[in-house]
Enquirer: 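Quick one: structure below, then a few questions.
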There are 2 protein chains.
Amino acid sequence: MQPTTPLAKFLPYQLSITSNAVSGRIAQEYRSRFGLSVPEWRVMAVLGDSGSLTQRELTRRTLMDKVAVNRACKVLEERGLAVRTPNAQDGRSHHLDLTPAGVAMHGQIMPLAVEMERALFDGFTAEEMDQFRSLLEKVRGQVRDFDDDAIESDNYGVS
Amino acid sequence: MQPTTPLAKFLPYQLSITSNAVSGRIAQEYRSRFGLSVPEWRVMAVLGDSGSLTQRELTRRTLMDKVAVNRACKVLEERGLAVRTPNAQDGRSHHLDLTPAGVAMHGQIMPLAVEMERALFDGFTAEEMDQFRSLLEKVRGQVRDFDDDAIESDNYGVS
DNA sequence: ACAAGGTAGTTGCCTATGCAACCGACAACA
DNA sequence: TGTTGTCGGTTGCATAGGCAACTACCTTGT
């Protein structure tokens, strides 16, 4: 239906619009059901699974910016879904844990995540999902390599 | 190396971080080489290929917000890369075209796009790339379906 | 011809996101 | 023990991106 532009064939473009569509759909669901943003949801997910983590640990595990983690934690604390307790080993940081209310919400959040993943990839075979996962991982590896080589050689005529 | 959290297995999450990594890398390249943002680049790509399009048409082809298209066009015009000429058929809109400078830049932009796509998917077989493309497309289709069904049934206990 | 409704483009506002700078605390070492 | 460098966390700032409202213009129906 859409006229073929070079843009439509460009794989990074397809990746981008697909990711946006999926993220948007999921964000909408979490916002309307729980009033959670995506960063908040991610912190809840990790915290509910592992518990007692510092923000540094959360940053590492969610691959989000430390500021994003900080703000998400702040909101979760204000909403009474998580608490910070002092870290005896390191006075700079604190341990984060879900409150009972947080645990309860986590118990609703994860099934919804599973359900959405199922709905989004409904019709995919197990092989296709594995393939998709490994292709995504491979691309991330390439980005890291790409970052290293950093094409400083040829600047395509632009100084 | 990274401890396994449920988050890391969650496919929409992997999609999101992969897309961010790729987009970020590409955005950086276009910014440093041409001073173009991603929306500006997309408009340049489509315009260079088809020429004489209205913003409405550009919106349709890039799948971007009409405001994003508008702002990109404004910048391109200010930088002398594109011009707007009145549309005799419809007084509300105008036709956009690349200037000679815009055409020249387009001539450098597209090879870089091809080169980056190549570098990012280096090591992928043609089959893998096709597979990737069709998987992405399939997911987008699912998001559309998902949008329709809209899971209004069970609200997971949240009113 | 004119009223009502719709559409392309534009502007303003509000939120999300990221970086850089900063603060208090830890670690290494003279 | 004091000094220097580093690290976790926080805040402020600057930018990107989307939505809603508005203007100007087109279209349809009377």
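Residue numbering restarts at 1 for every chain, and letters A, B, ... go by the order of the sequence lines.
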Enquirer: Tell me if a side-chain donor or acceptor on B/R33 pairs with a main-chain N or O of B/Q108 at a distance below 3.5 Å.
Expert: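 Not a single qualifying donor-acceptor pair exists.
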Enquirer: Quick one: how far along DNA chain D does chain B reach, first to last nucleotide 5' to 3', anything under 4.0 Å to a heavy atom?
Expert: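 In short, chain B contacts DNA chain D from D/dA16 to D/dC26.
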Enquirer: Between the side chains of A/E77 and A/K74, is the shortest nitrogen-to-carboxylate-oxygen separation below 4.0 Å, so that they form an ion pair?
Expert: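 No, this pair does not count.
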Enquirer: Measuring centre to centre across the rings, with the benzene-like ring taken for any Trp, is B/F121 within less than 6.0 Å of B/F124?
Expert: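 Yes, the ring centres sit under 6.0 Å apart.
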Enquirer: Show every salt bridge (charged side-chain N to carboxylate O under 4.0 Å, His left out) that has at least one partner inside residues 123-135 of chain A, sequence neighbours left out.
Expert: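 As it turns out, the salt bridge (charged side-chain N to carboxylate O under 4.0 Å, His left out) pairs with a partner in residues 123-135 of chain A, which skip direct neighbours, are A/E128-B/K138.
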Enquirer: Select from B/R71 and B/T59 the residue whose nearest nucleotide in DNA chain C is closer to the 5' end of that strand.
Expert: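 Nearer the 5' end of the strand: B/T59.
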Enquirer: Answer with base, sugar-phosphate or nothing: what part of the nucleic acid does A/K74 contact at a heavy-atom distance below 4.0 Å?
Expert: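 Here A/K74 touches the backbone only, sparing every base.
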Enquirer: Using modelled atom types only, decide if a donor and an acceptor are shared between the side chain of B/T54 and the backbone of B/H95 within a distance under 3.5 Å.
Expert: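 No, the answer is negative, given that no donor and acceptor are paired below the 3.5 Å cut-off.
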Enquirer: Has the side chain of B/S32 got a donor or acceptor atom that lies under 3.5 Å from a matching backbone atom of B/E29?
Expert: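 Looks like yes, one N/O pair under 3.5 Å.
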Enquirer: Listed in order of residue number, which residues of residues 84-95 of chain B have a non-hydrogen atom at under 4.0 Å from DNA chain C?
Expert: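 Within residues 84-95 of chain B, the residues near DNA chain C are B/R84, B/R92, B/S93, B/H94.
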Enquirer: Does the side chain of A/V69 reach to within under 4.5 Å of the side chain of A/R61, using non-hydrogen atoms?
Expert: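 Sidechains of A/R61 and A/V69: no contact.
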Enquirer: Do side-chain atoms of B/T59 reach the backbone of B/Q55 as a donor and acceptor pair under 3.5 angstrom?
Expert: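 Pair found, side chain donor or acceptor close to backbone of B/Q55.
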